[in-house]
Amino acid sequence: MQKFKALGISNEIIRALNEMGFEEPTPIQLEGIPVLLEGKDLIGQAQTGTGKTAAFGIPLIEKVKKHPGMVQGIVLTPTRELAIQVAEELNRIGQFTEIHALPIYGGQDIQRQIKALKRHPQIIVATPGRLMDHMRRGTIKLQDTQMVVLDEADEMLNMGFIEDIEQILSTTSDERQTLLFSATMPRPIQNLAQRFLHDPALIKIKAKEITIPLVEQHYMEINDRQKFDVLCRLLDIQSPELSIVFGRTKRRVDEVSEALKKRGYSAEGIHGDLTQSKRDAVLRQFREGIVDILVATDVAARGLDVSGVTHVYNFDLPQDPESYVHRIGRTGRAGQPGLALTFVISRELEHLHSIEQTTKRKILRMPVPTMADAVEGQQRLTVEKLLNQVEEGNYDHYKGRAEELLTEMDSVSLLAAALKMLTKESHSTPVKITEELPVRVRTYGGNRRPSNAKKVVPKITPRNNSWKY
DNA sequence: AAAAAAC
């Protein structure tokens with residue numbers, strides 16, 4: 001925290017950073033914050049997860065607070081979800097100040113937004129289309145805007161927002177401070193920078209640092225018909241805390257999420273054809289862990305920062321290397337390890353290879369897990385779930401399964417735990433299990449995996465980042 | 001070719 005203080009950040013914000021668990025500034029914060037506090041324009045080549053939002057958010061809030069009233073800061077993002085996420089982070093950074101950030105995006109009731117705007121948030125985080133809508137209606141005026149942040153500028157370019165962005169920038173004062181963040185710097189983005197930024201500082205997080213070092217990357221060669229069953233197997237075996245399954249189309253996302261739900265997984269789909277309120281709700285549930293598998297199109301590929309995402313499954317190979325990098329970047333965040341696993345059908349192997357070359361990272365082949373692997377994984381999960389229930393004192397629901405398991409378990413402590421569970425009244429004191437719990441259980445009908453069988457699929461263990469079943 | 005984004 002001393003290092004944050006040394007950057008010249010005010011006490012209220014330091015206090016908020018403390019509460020948010022920030023310890024040391026990331027490279028982009030260390031370099032960017034002083035430059036921005038000085039008032040310079042900035043081009044930042046970095047992704048989220050590098051602490052980018054705080055890098056512009058801290059100076060933004062510092063600057064804004066001295067001039068209460070009108071809209072003084074604008075952040076533009078390519079997707080609606082990102083607008084919500086960035087606004088939330090800004091509000092956390094500014095929680096001990098009088099500064100408020102409001103997300104403004106399409107698909108949400110505009111009257112509701114107009115009402116919220118009457119409370120005069122100093123910062124607006126918006127997708128371009130809806131912001132333009134408000135500008136035309138006169139419900140947002142940008143004359144007093146002192147800082148404009150273009151977040152994920154290359155993606156906004158891809159989505160055809162460049163003209164909107166130019167128009168928005170032209171509406172604001174030339175005195176404004178302009179920040180442009182982009183993972184890549186294609187020609188049109190360079191032109192934009194040249195036209196609208198004045199003598200910008202350049203901060204580049206090198207390519208090596210852009211690819212996420214803590215994400216283990218694997219692929220599995222598989223045919224299309226097997227994909228769903230194998231996904232279920234993997235979910236059982238690897239038991240992710242939270243996971244994202246990326247599909248190629250909206251339709252595909254619907255199919256996979258429905259099928260997962262039918263099999264009893266806690267999954268929800270998200271894509272651009274859903275109503276915005278549904279999208280907001282799904283993402284909220286996912287963040288809270290109410291839903292633990294998010295099935296998504298590339299709408300969720302960029303910038304989304306959800307803590308606890310231990311696994312990303314590319315159910316379908318992404319179209320381009322850029323999309324691949326963004327998708328797998330949803331895990332391995334904030335220094336936590338993550339696993340990215342990509343399903344590849346044989347004719348796509350070459351495409352996978354080109355992704356490998358572009359990202360300059362080896363994607364390791366992983367064999368399809370056997371049925372025995374799956375059975376064992378499933379049982380381990382069931383036992384773990386059961387034991388959690390025992391700890392929490394909710395026995396009734398698991399009674400039947402527990403009785404079944406009693407005949408299968410070869411571990412004395414598991415047996416004892418389950419016995420306790422079955423003999424306790426449902427309202428009695430929960431059993432506290434403190435001993436190390438063995439997780440191996442005997443498989444059905446003596447159908448053990450032969451000792452010479454391959455046993456290879458790594459399971460992610462966040463504690464030590466080692467790979468084993 | 002698909003996805004995203006304003007009504």
Side-chain angles (χ1 to χ4, degrees), chain A residues 47-48 74-87 102-114 117 124-140 142 150-168 171 182-184 186 188-189 224 244-257 269-280 282-283 294-304 312 314-330 342-343 345 347-348 351 354-355:
Chain A
Q47 302 176 309
T48 36
I74 292 285
V75 182
L76 294 175
T77 66
T79 69
R80 298 165 178 180
E81 278 72 15
L82 218 47
I84 298 169
Q85 176 179 297
V86 170
L102 180 71
I104 288 289
Y105 52 92
Q108 197 188 42
D109 179 34
I110 198 152
Q111 290 308 326
R112 191 178 138 189
Q113 290 179 353
I114 290 170
L117 283 165
I124 300 285
V125 186
T127 48
R130 182 55 74 90
L131 177 61
M132 300 267 290
D133 195 349
H134 278 287
M135 285 160 62
R136 273 192 291 269
R137 287 165 188 257
T139 44
I140 292 180
L142 299 184
L150 310 175
D151 201 3
E152 310 264 350
D154 49 354
E155 188 56 16
M156 292 201 278
L157 167 79
N158 290 343
M159 288 160 69
F161 285 151
I162 281 291
E163 282 178 24
D164 290 357
I165 291 170
E166 286 175 358
Q167 199 173 329
I168 291 165
T171 311
S182 197
T184 59
I189 296 291
D224 202 65
I244 305 179
V245 178
F246 281 105
R248 194 173 49 86
T249 64
K250 294 182 258 200
R251 177 91 185 271
R252 185 83 152 167
V253 164
D254 283 336
E255 285 164 7
V256 175
S257 63
I270 189 164
H271 59 65
D273 274 359
L274 302 176
T275 65
Q276 192 56 41
S277 62
K278 175 73 179 166
R279 280 165 62 167
D280 293 353
V282 166
L283 204 58
L294 184 71
V295 188
T297 58
D298 277 336
V299 69
R302 283 182 183 253
L304 273 199
V312 166
N314 285 319
F315 196 81
D316 299 307
L317 190 68
Q319 303 285 331
D320 48 82
E322 222 173 277
S323 166
Y324 176 85
V325 172
H326 284 291
R327 285 182 182 188
I328 70 167
R330 298 317 98 213
T342 301
F343 288 168
I345 57 181
R347 66 163 182 276
E348 293 170 338
H351 187 23
S354 77
I355 289 177

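Quick note on labels: first sequence line is chain A, next is B, and so on, each numbered from 1.
- What separates CE of A/Met156 from P of B/dA6 is a distance of 11 Å, to the nearest Å.
- Between A/Asp109 atom CG and B/dA6 atom C1' the separation is 14 Å, expressed in whole Å.
- Nucleotide B/dA6 holds its P atom 14 Å from the CD atom of A/Gln167, rounded to whole Å.
- Summarising the geometry, the separation between CD on A/Gln111 and P on B/dA6 is reported as 17 Å, rounded to the nearest angstrom.
- Side chain of A/Thr297, nearest nucleotide from B/dA2, B/dA5, B/dA4: B/dA4.
- Taking 4.0 angstrom as the limit, A/Thr127 places a side-chain polar atom (N or O) nearer than this to OP1 or OP2 of B/dA6.
- Looking at heavy-atom distances under 4.0 Å, A/Arg251 makes no contact with the nucleic acid at all.
- Contact between the side-chain N/O atoms of A/Arg279 and the OP1/OP2 oxygens of B/dA5 is found at a separation under 4.0 Å.
- Dashed line: the shortest gap from a side-chain N or O of A/Arg80 to OP1 or OP2 of B/dA6 is under 4.0 Å.
- Legend: residues meeting side-chain hydrogen bond (donor to acceptor under 3.5 Å, both in side chains) with A/Arg327, ordered by chain and number and at least two apart, are A/Asp298, A/Asn314.
- Of the candidates B/dA4, B/dA6, B/dA2, B/dA6 carries the atom nearest the A/Tyr105 side chain, counting heavy atoms from C-beta on.
- In the set B/dA6, B/dA2, B/dA4, B/dA4 carries the atom at the smallest distance from any side-chain atom of A/Lys250.
- Donor-acceptor pairing under 3.5 Å, judged by distance alone, is present between the side chain of A/Arg136 and the base of B/dA6.
- Between the CD1 atom of A/Ile104 and the CD1 atom of A/Ile84 there is a distance of 11.0 Å, given to the nearest 0.5 Å.
- Salt-bridge annotation for A/Lys250 and A/Asp254: absent, with no side-chain N of the basic residue lying under 4.0 Å from a carboxylate O of the acidic one.
- To the nearest angstrom, C1' of B/dA6 lies 15 Å from CD1 of A/Ile165.
- Backbone-only contact: A/Gly107 has heavy atoms under 4.0 Å from sugar-phosphate atoms and none from a base.
- Here the nucleotide nearest the side chain of A/Gln319, chosen from B/dA3, B/dA1, B/dA5, is B/dA1.
- Atom CD1 of A/Ile165 sits about 6.0 Å away from atom CG of A/Leu76, to the nearest 0.5 Å.
- If you measure from atom CD of A/Glu81 to atom C1' of B/dA5, you get 11 Å, rounded to the nearest angstrom.
- A/His134 has its NE2 atom 15 Å from the P atom of B/dA5, to the nearest Å.
- Take A/Arg80 and apply the side-chain hydrogen bond (donor to acceptor under 3.5 Å, both in side chains) test, not counting sequence neighbours, and it matches A/Gln276.
- We find that CZ of A/Arg327 is positioned 11 Å from P of B/dA4, with the value rounded to whole Å.
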